[in-house]
Structures are given as C-alpha cells and as structure tokens.
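Taking it in order: structure first as structure tokens, then the write-up.
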Amino acid sequence: MNTIADNPFEYSSDNKRYQTYSYYLKKRFGKKVMKIPLNVDLGCPNRDGTKGCGGCKFCSAQKSGEFAGDPQDDILTQFAKVREKMAQKWSQGLYIPYFQAGSNTYAPVERLREMYETALSVENCAGLSIATRADCIDEQKAELLGEIAKRTYLTVELGLQTVHDETALAMNRCHTFADFLSGYGLLRKNGVNVCVHIINGLPGETHEMMLETARQLSRLELHSIKIHLLHVLKDTELAQMYERGEFEVMGLEEYVETVCDQIELLPKELIIQRVTGDGAKDELVAPLWSLKKFCVMNEIDKELGRRNSYQGIKFAG
C-alpha cells in the first residue's frame, strides 16, 4: 500500500496523486471550505426552445440539481437549510455558495447581479461558484463576472461534457465545442476562473475520444475540471435509449482506467474537483456500481499507485 512518503506528486498532502479541490482550498484558505448548492430555477435555453427542446438526453428534470436547495425558497433560506444539513458533519468552516442547477447566467444582467450579491452576503463566505452553459455567456455577463472575480474567489463552471460535436449532437446538447471556446474566451478575457465539466461514457464515444477531450482541455488556461461518469437517470431520454439496448454503460474497471489515463494527460497545476459524479439513489438506473462513490475513488487511487503514476506525467504542454 502506498504511503504519503511514497507519493511523488507535489500537490498532495495524502495519498492522492492528483490535485484535489479540498487540497487546493485548504492551501488557499487554511481551513475547511464547503460548497452550498443552490437552485434558482433559471431554466436552460436547451429546454425553452431558444436553442432546443427537451434538454440534453442525459439531464434530469432537476437540471442536475438533485442535491441543491429548494427553488421555492429564496437564496438565503436555501443556503441556511443546506448549511444546517452540512453542519451535522462539519460544524465550522467557510462557505462557497454554488449556483448548481440549470444555467445560472441565463437571465438579464441586473437579475444576475442581485442573485450573486445576495449569495456573497452570507456569513463566512469564501467565494462563489456558478454553473452554466458557455452559450449563456456574452460580453455584458462576462464583464459582470469579471467585476466579481476582482473581489472574491469566483469560479464559473461550464458544462462541456465532450469536445466531439458529433457526440454533442447525438445527445441534443445544442451546443458545440466552438460555443464552449467562445464563452471560455470571454470569461478568461475578464479574469474569471473557469472549471469545465466532462462526462465519460457518452454513447458512441471510444476510449481514445475520451482521452482526446482531456488532451484538448489540457491546452487551455483552466482553473479546474470535473470528471463525471455518465449516469442513466429515470425519466430521461437516455434511460429510454438504455432500455432499448442502444448503448452500454461503462464498467468500473473501464472507468477507472479511463480516468487515470486522463489524469496523466492533464497539467499538474490543474485542480481536479471530481473524479466521479453523484447519481441520486432513487433516480439512478445504471451503472449501479457508481453508488459506491468512495469505492470508485479508492480504485482510482490504487490504479495510479499501481502504475506509479500521477497527474501530468504525460502532459504534452
């Protein structure tokens, strides 16, 4: 079993051979920092007909907000309720309000400003995280986010999922890699940290295609990345495809191998916020092995140790 002393990776204080978000936050703030997921139900241009209808085939009715607050509550009430639940595990620390569900730049600038400022007003606030689509970023919104980034720790999370437009088209993303690069460019122009989300196991994607997503992203000025496993959730078009036998979900060994290969390609300074995702137990159709989240993370740790490998070892620069 590998010990801390055996770990050759410099951005780690434990056995992790990649730079975790918890490691980064502890180094930056000196204490525990917790993200508080919020849901303001701004919707999505891929649901209301602006870009498309029905949303992405893998997206749930909650718009990826299964663990966020209740959109019937205002922002401060949501924050207080979620924080109270977290206090059962962590009693003290700093907080990052996280606009998680839906596309959280999909509204007029003045409404966005009010939302963000309300969230930043909470006690012990360390910063702000905002999840959105890159095609919901324009010059005005990027400037607003740039203003906020000058005075707090701000991260904008862009759901890319894949660099392959053929996959995005098949999943009804109504969003291209060029759209992502445009939104990303506006944010970086205004000094905003960008986190990108990718999904492994999308129908039709090969191992090499998933690695190519990591390679192309490794060339950008990203602050962080979230690596997700494709979850088949109830009442989605993806679930119907799965039930018809149109694709197979990834197995645990295949997923672990893919993530480790991707980690090796990413620059060592890049923060890896996630190496797998959460699927709500009552909503998950497949793969059921993903419910054992810590088991998946441990298998990734063990595989990197077995290889004597670590983040960035194959980074091409």
Side-chain angles (χ1 to χ4, degrees), residues 1-35 86 89-90 92-94 96 126 153 155 157 193-201 207-230 250-279 287-317:
M1 181 176 181
N2 295 96
T3 65
I4 295 175
D6 297 326
N7 188 354
F9 187 62
E10 60 188 292
Y11 298 112
S12 178
S13 56
D14 53 20
N15 69 322
K16 300 292 185 184
R17 290 170 175 249
Y18 55 92
Q19 185 173 189
T20 66
Y21 195 39
S22 59
Y23 171 86
Y24 171 81
L25 291 175
K26 187 68 179 293
K27 285 288 186 181
R28 177 167 182 149
F29 295 102
K31 59 179 67 178
K32 179 69 179 177
V33 181
M34 293 156 276
K35 288 177 79 172
M86 287 193 168
K89 188 173 183 180
W90 297 291
Q92 295 182 341
L94 301 176
I96 295 177
Y153 170 53
T155 305
E157 302 190 12
N193 291 325
V194 176
C195 172
V196 63
H197 292 226
I198 64 173
I199 297 177
N200 289 327
H207 181 77
E208 180 54 35
M209 290 172 75
M210 290 178 249
L211 296 195
E212 183 60 20
T213 289
R215 283 192 196 94
Q216 294 206 34
L217 293 177
S218 73
R219 302 180 185 124
L220 302 179
E221 282 186 341
L222 296 176
H223 170 265
S224 49
I225 189 170
K226 287 185 175 180
I227 303 173
H228 297 275
L229 166 69
L230 180 71
M250 296 183 84
L252 174 58
E253 291 185 9
E254 180 186 9
Y255 183 73
V256 169
E257 178 185 5
T258 300
V259 172
C260 290
D261 289 347
Q262 290 172 324
I263 287 173
E264 291 176 339
L265 295 169
L266 298 172
K268 62 185 180 180
E269 297 84 5
L270 183 66
I271 302 153
I272 301 180
Q273 290 202 32
R274 279 185 175 272
V275 291
T276 188
D278 294 303
L288 296 179
W289 57 259
S290 66
L291 291 171
K292 298 180 179 179
K293 176 181 170 183
F294 289 103
C295 175
V296 179
M297 295 168 66
N298 287 337
E299 289 301 313
I300 290 168
D301 292 340
K302 287 193 290 186
E303 175 61 16
L304 288 172
R306 185 192 67 76
R307 298 181 185 188
N308 194 26
S309 188
Y310 50 87
Q311 180 180 342
I313 195 171
K314 294 182 181 179
F315 172 56

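In this text, all values refer to a predicted model and were calculated from it rather than measured experimentally.
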- Query: Can you tell if the side chain of L229 reaches within under 4.5 Å of the side chain of N200, non-hydrogen atoms only?
  - Reply: no
- Item | Reported SG-to-NZ distance for the pair C260 and K302, which is rounded to 0.5 angstrom | 11.5 Å
- Message: Could you measure the distance from the NZ atom of K293 to the CG atom of L291? Nearest 0.5 Å is fine.
- Response: 12.0 Å
- Query: Is the CD atom of E208 crowded by more than 12 outside heavy atoms at less than 6.0 Å?
  - Reply: yes
- Between N7 (side chain) and K16 (backbone), is there a donor-acceptor pair under 3.5 Å? yes
- salt bridge (Lys or Arg N to Asp or Glu O under 4.0 Å) pairs touching residues 23-33, sequence neighbours excluded, are none
- Task: Go through the steps to decide whether D261 and H207 satisfy the test side-chain contact (heavy atoms from CB on, under 4.5 Å), and finish with yes or no.
- Result: CA-CA 10 Å; D261 289 347; H207 181 77; 2.8 Å; yes
- Please tell me if the side chains of Y310 and L304 come closer than 4.5 Å, counting only heavy atoms from C-beta onward. no
- Task: Under the side-chain contact (heavy atoms from CB on, under 4.5 Å) rule, what do M250 and T258 come out as? Steps first, then yes or no, please.
- Result: CA-CA 10 Å; M250 296 183 84; T258 300; 3.5 Å; yes
- Task: Would you name the heavy atoms of M210 and G201 that are closest together and state the gap between them?
- Result: SD-N, 3.5 Å
- Item | Minimum side-chain heavy-atom gap T20-L25 below 4.5 Å | no
- Give me the ring orientation class for H228 and H197: parallel if the planes are under 30° apart, tilted from 30 to 60°, perpendicular past 60°. parallel
- Closest approach of W289 to Y255 (non-hydrogen atoms, all atoms of both residues): CH2-CB, 3.8 Å
- Check against salt bridge (charged side-chain N to carboxylate O under 4.0 Å, His left out), E299 and R306: CA-CA 10 Å; E299 289 301 313; R306 185 192 67 76; over 6 Å; no
- Check: E257 and E253 side chains under 4.5 Å, non-hydrogen atoms: no
- Message: With side-chain contact (heavy atoms from CB on, under 4.5 Å) as the criterion, how do R17 and S12 come out once you've worked through the C-alpha distance, each side chain's angles and the decisive distance to 0.1 Å?
- Response: CA-CA 7 Å; R17 290 170 175 249; S12 178; over 6 Å; no
- Identify the heavy atoms of M34 and G93 that sit nearest to each other, and give their distance. CE-CA, 3.9 Å
- V33 and A126 have their tightest heavy-atom pair at CG1-CB, 4.3 Å
- Message: Using side-chain heavy atoms (C-beta onward) and a distance below 4.5 Å, is Q262 in contact with I227?
- Response: yes
- Count the heavy atoms belonging to other residues, nucleotides or ligands that lie under 6.0 Å from CD of E221, then report whether that count exceeds 12. no
- Note on the structure: dist C195:SG -> L222:CG (nearest 0.5 Å) comes out at 8.0 Å
- Do the rings of Y21 and Y24 sit parallel, tilted or perpendicular, given the 30° and 60° boundaries? parallel
- Task: Kindly write out the residues that satisfy side chain to side chain donor-acceptor pair (under 3.5 Å) with H223, not counting sequence neighbours, or none if the list is empty.
- Result: Y153
- When rounded to the nearest 0.5 angstrom, what is the spacing between OH in Y11 and OH in Y23? 8.0 Å
- Nearest heavy atoms of L230 and P287, plus distance in Å: O-CD, 3.6 Å
Let me have the donor-acceptor pairs involving side chains of residues 264-277, under 3.5 Å, with sequence neighbours excluded, atom names and distances please.
unit_1: E264; atom_1: OE1; unit_2: R307; atom_2: NH1; d: 3.3
unit_1: E264; atom_1: OE1; unit_2: K314; atom_2: NZ; d: 3.4
unit_1: E264; atom_1: OE2; unit_2: R307; atom_2: NH1; d: 3.1
unit_1: E264; atom_1: OE2; unit_2: S309; atom_2: OG; d: 2.6
unit_1: K268; atom_1: NZ; unit_2: E10; atom_2: OE2; d: 2.6
unit_1: Q273; atom_1: OE1; unit_2: K35; atom_2: NZ; d: 3.4
unit_1: Q273; atom_1: NE2; unit_2: S224; atom_2: OG; d: 3.1
unit_1: R274; atom_1: NH1; unit_2: T276; atom_2: O; d: 3.3
unit_1: R274; atom_1: NH1; unit_2: D278; atom_2: OD2; d: 3.2
unit_1: R274; atom_1: NH2; unit_2: D278; atom_2: OD2; d: 3.0

- Could you please spell out the steps behind the side-chain contact (heavy atoms from CB on, under 4.5 Å) verdict for I198 and L217? CA-CA 10 Å; I198 64 173; L217 293 177; 3.5 Å; yes
